[in-house]
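Down below is the structure, laid out as structure tokens.
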Amino acid sequence: MKILRIRFKNINSFYGEHPCIDFTTNPLAISGLFIISGPTGAGKSTLLDVITLALYNEIPRFGSISKTEIEKLGSIVNLKAAEEPKVEAYAEVEYEVRGGQFRSRWSISKNRNDKWNNYQMEIAELPSGNLLDIKGLSQFPKKNEELIGLTYQQFVKSIVLAQGSFAEFLRAKAHDRSKLLEDITGQRIYRQLGTASYLKDKLFKEELELKEKELKLVLMLTEEEVLQLQQAKSTTEMHQVQAEKDVQFWEKEKSVLERCYDLQQKLEKVAKEVQVVENEQEIFKTDAFRLLQHEQISEWAGELATLQSQQTQLKGLEERRKTLQTQIETQTTIIETSHQQITHLVQKLVPKEHLLAELNVFEGEILQLDTEIEKLNAEIRPVFTAIKQEVSATNHPWLRTLSVEKLDEAYALLQQKKQEIQQEVAGFRVDFEAEKELAQLANRQNALMELKATLTRRNEWYAQGLDAKKALEESTAKVNERQPQWVALQQKMAEMETKLKVLQVQKEKEQQKFNLEDLRNALQNGEECPLCGSTHHPYVHAYVNALSKVQMELDLLERERKEVDTSMQKVGAELNQAQGSMTKVTENLVKIREEYRKAKEEGEKTLTVLGLASDSTLEQLAQEQRQLGDLQEQITKWQKVSDMNTVIGKLLGQYEVLFELRVRKSAKELEKQQRYAGKDIRTESQALRNTLTNAETTWQIAQKQKNETENGIAVEREKVTHLASVLSTHLAAKGIESIEKANELLLPALEVEKLRTKRKVLEDREKELAINRKTWEEQLMETAQLRQAELPLEDVEFKVKISRSLRDQYLREVSDIGSKLAHHQAQQTKFSTLQTELEQLRKERKKWDLLNRYIGDREGNKFSNFAQNLTLSNLIGLANQRLRHLSDRYILDKPKEETESLFVIDTYQGNAQRAVNTLSGGETFTLSLALALALSDLASQNVSIESLFIDEGFGTLDPDSLDMALSMLERLQSESEKTIGIISHVEALKERIGTQIRLFKNGNGQSTMEIVG
């Protein structure tokens, strides 16, 4: 995988869009090895953030990025750009992998409500630029992971190498080192597997215990109890059958009795209802007679209704004639009033027929005046708007408080202010270039600040040199003190080792003699020794005493040797510490002297450039800075006053134009006021026209309708007279003396319908009651013949209750016995099932129990430590391959038994082994660099890595080690053709590596960049 190009905009301290970093063109393409340099906070790490952000939407300092992170933390997007509306930020990387080229882009922008939209990503195939079809934001990092062959964690550990984590890794204890190695390699799966096996076994164990408890809780009946229940069930079922027959018999008898009683009650009810109907018929006789009279004259009801309708219509026409007459008189009054109003408005006496024409002319003249006034307003508005914009846009506090709406007051204040500041404006000549002068003063201020920093650094290095010199003297004295002690202890230890060997030989000889103890115990005085034939045995006890004496001397000597060894370890540790301190302080002193020399030369050079005395003090520099600040403040103040003078001149001119337009507008408004005092001539004229026209139209319509109504009245009066004559003749024949009497005898239609309905209901109810009485008498005789017991209803109901109670009791007993038998059967089935499940659980748990014994524990340490131990061996092997190119002195080795520290084999000291925490800072960096490169090899075993970035760590190296490290990186670059970038601020690196990406931090906190080579 190779990084080809990097582009970004508004990321971290970089404001705006910056030039593309192209690794395929010179100078970066031709060198292959370059340095990214710049002061702290200039954005060196931002270039690496751009790469991981564009590929994985993650950066090491924050993790995954979202609009919420940007809103809450203010991260990623440049702070200055984030305050601008519709701002956009993006990070873009072009890379090459497996012969293909791709461009991955991350971007975010604000919407019109000044809120952040969600971030967007895209991946395009090059050189066509066709976008890959990817659904969902979370899929873009996964697609890059698939194309590159590296996860985010693998990418940052195989392409971006941070030295600090490996130095920590070297010095860590065994458990902590396993944790670090797990974090560095991303191999947390082994810890997860160990924990998972522990939890899985724990889960099976708990489930097994629960199942065993559940099995103990299963209760079953004995065979004897089951047999007793079955016999009881059979007997109870027979009693239940007989009880059911009794219930059916008595329920049937009860039903027959209840039916007889019901029929008797119905017959009694019919007799009562017959009496009620007869009473209602007596009451209805009067209404029946009225209904009969109505039916006699009902044939003339239509003509009577028509006559009444015609009389009502005639009356209505007469009322309408009166209404129309009133309307005609009202409209006549409105017409005369409108004529008077129009005459008053146009201020002329004109004939009525010409009033509307004159009104139109007058309206046009007033509207023309309104147009001219509005035109003047249109000319005034932009001038007034320009004044307001000028005042609101200005940076001068006094102008921003000006009340621009108060024209005369504002104009007077502006004239007064212009006179007040004339003297200040004249403080500098007209062609004075303030910006240029301020830039020169700012440059000198910056130079003085850098000079002060250099001189301060020089003084600090001088003080550090004194401290280092004192520390060197103390370490030298400590070495001179401990060196003779160490030599003396070594000589004493050698003497004791020699004496110890002599005593060991002597002990072995005495031991051989003592081992003949069985033979010695068998010797008796006066009997021959089987070995020497002597009968006298004086040394039987002497052998034992001699061995004890030698052993005692050995114990005393061993104890003394341990004391000497302890003293040697203490003196040796103090001697090694003092010697290491001497070496470190000596190296540091060389560096301090070099830094002091550089700071001194840089300070003298800057003093010369600035034209200052070589013995200038920090206080003198501060005084000149204050003088420059005063001058800057004076020029800045003049700039503000001069700018204010310009703005005031412009505002005065605009106010004069505004005053002229205001005078012209006032003249037109006065002319209009003299001719028309109203608010809206158009609305008022149209209202008068509408009122007059509507009144005339309404008068004409009403006059026409009045004439038509009078004709209708004559016609209707003739119809009423004729119909009344005809009806009177017919009614007299029926014995009815007048039309009015006939109308009285006629009933309303609703009342007629109601009376007829009532008559029909009474007749139908009388017939229905006669039929029901006959039917129920017959049913009562038939039902009485069905009875089988001569008992009253109360006794029969008691029999039903008793038989039902017995039946229900037998049913409950059968149900209870059945439930017990069913529960027994269910418990048997449950017991069998639980036994089967328990056996299955035991079989399944065996494998998890076995796995937990070997790799499982609560924290997952057991399997993780085992796996990381294998990874450590592999990593150390790869690191030693890299270390051979860095140094031929050390070989990295794993920890020894009962130790936690990593070891190195020192080939310069006869392959002596020592812990890595005894190494110097430069030696530690060398091992860290080898480990970092080894991890890159380990993390990218299946991916070709052609781009590598090494982040810091070079500041701990002495010149020789630094030169060696650079030579190794140059050789690595030439052999592998990798593009290698070093992130550092070490000056020696800048001098050694010509191709550089330089970052600069400006005074406003923004960063810029340039590529040189």
Side-chain angles (χ1 to χ4, degrees), residues 13-14 34-44 433-469 587-636 952 954-959 962 982-1013:
S13 60
F14 289 92
F34 63 92
I35 184 172
I36 303 173
S37 64
T40 301
K44 299 188 293 297
E433 298 181 1
E435 293 292 340
K436 181 177 180 181
E437 187 65 24
L438 284 174
Q440 293 175 354
L441 291 175
N443 290 336
R444 187 166 183 85
Q445 278 277 27
N446 292 335
L448 287 173
M449 289 178 64
E450 292 179 1
L451 176 59
K452 284 176 67 178
T454 302
L455 295 181
T456 302
R457 194 165 61 252
R458 179 198 65 186
N459 296 339
E460 290 174 351
W461 284 120
Y462 180 77
Q464 289 184 24
L466 294 178
D467 293 341
K469 187 176 180 181
E587 295 173 353
N588 193 31
L589 192 57
V590 172
K591 177 182 176 182
I592 290 172
R593 288 170 178 167
E594 179 63 22
E595 293 295 337
Y596 173 77
R597 181 189 61 78
K598 291 180 181 178
K600 183 180 178 183
E601 291 177 356
E602 184 178 348
E604 292 172 351
K605 181 180 178 181
T606 306
L607 286 168
T608 302
V609 171
L610 295 177
L612 299 173
S614 60
D615 58 349
S616 297
T617 64
L618 292 174
E619 179 58 34
Q620 291 172 335
L621 296 179
Q623 183 178 359
E624 183 177 351
Q625 280 185 305
R626 288 193 293 273
Q627 292 172 353
L628 291 174
D630 293 340
L631 183 55
Q632 285 175 316
E633 184 178 353
Q634 184 180 355
I635 294 174
T636 303
E952 284 299 351
F954 294 90
T956 61
L957 299 181
D958 57 53
L962 181 62
I982 300 173
I983 301 175
S984 181
H985 49 71
V986 177
E987 292 295 331
L989 288 176
K990 300 178 185 178
E991 297 173 1
R992 175 74 176 265
I993 302 174
T995 304
Q996 301 178 15
I997 300 177
R998 294 177 181 172
L999 306 179
F1000 305 95
K1001 188 175 181 181
N1002 301 329
N1004 57 5
Q1006 311 300 331
S1007 299
T1008 56
M1009 173 182 65
E1010 69 173 358
I1011 301 174
V1012 298

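- Side chains of Leu621 and Leu612 form a contact here, defined as non-hydrogen atoms less than 4.5 Å apart.
- Shown here is Lys598, whose NZ atom has more than 12 heavy atoms of other residues, nucleotides or ligands within 6.0 Å.
- In terms of heavy-atom proximity, Ala447 sits nearest to Leu610 at CB-CD2, 3.8 Å.
- Within 6.0 Å of the OH atom in Tyr462, the count of heavy atoms belonging to other residues, nucleotides or ligands does not exceed 12.
- Partners of Gln620 under the side-chain contact (heavy atoms from CB on, under 4.5 Å) rule, at least two apart in sequence or in another chain, are Ser616, Thr617.
- Rounded to the nearest 0.5 Å, atoms CG (Asn459) and OG1 (Thr454) are 11.0 Å apart.
- Remark: Glu1010 pairs with Arg998 by the salt bridge (Lys or Arg N to Asp or Glu O under 4.0 Å) rule, at least two apart or across chains.
- Note that CG of Leu589 is 11.0 Å distant from CD of Gln464, once rounded to the nearest 0.5 Å.
- Every residue was checked against the side-chain contact (heavy atoms from CB on, under 4.5 Å) condition with Lys605, not counting sequence neighbours, and none meets it.
- Residues forming a salt bridge (Lys or Arg N to Asp or Glu O under 4.0 Å) with Glu594 (at least two apart in sequence, or on another chain): Arg597.
- Tyr596 places a side-chain heavy atom less than 4.5 Å from the side chain of Arg458.
- When all heavy atoms are compared, the tightest approach of Ala468 to Ile592 is CB-CD1, 4.0 Å.
- Listed by chain and number, the residues in a salt bridge (Lys or Arg N to Asp or Glu O under 4.0 Å) with Glu602 are Arg457 (sequence neighbours excluded).
- Shortest non-hydrogen contact noted between Lys44 and Ile983 is CB-CG2, 3.8 Å.
- Residues forming a side-chain hydrogen bond (donor to acceptor under 3.5 Å, both in side chains) with Ser37 (at least two apart in sequence, or on another chain): none.
- Distance check: Leu455 CG to Glu604 CD gives 9.5 Å after rounding to the nearest 0.5 Å.
- When all heavy atoms of Ile35 and Ile993 are compared, the pair lying nearest together is N-CG2, 4.0 Å.
- With values rounded to the nearest 0.5 angstrom, Thr995 atom OG1 is found 12.0 Å from Ile36 atom CD1.
- Between Ala599 and Trp461, the shortest heavy-atom contact is CB-CD1, 4.5 Å.
- Once rounded to the nearest 0.5 Å, the distance linking CZ of Phe1000 with CE of Met1009 reads 10.5 Å.
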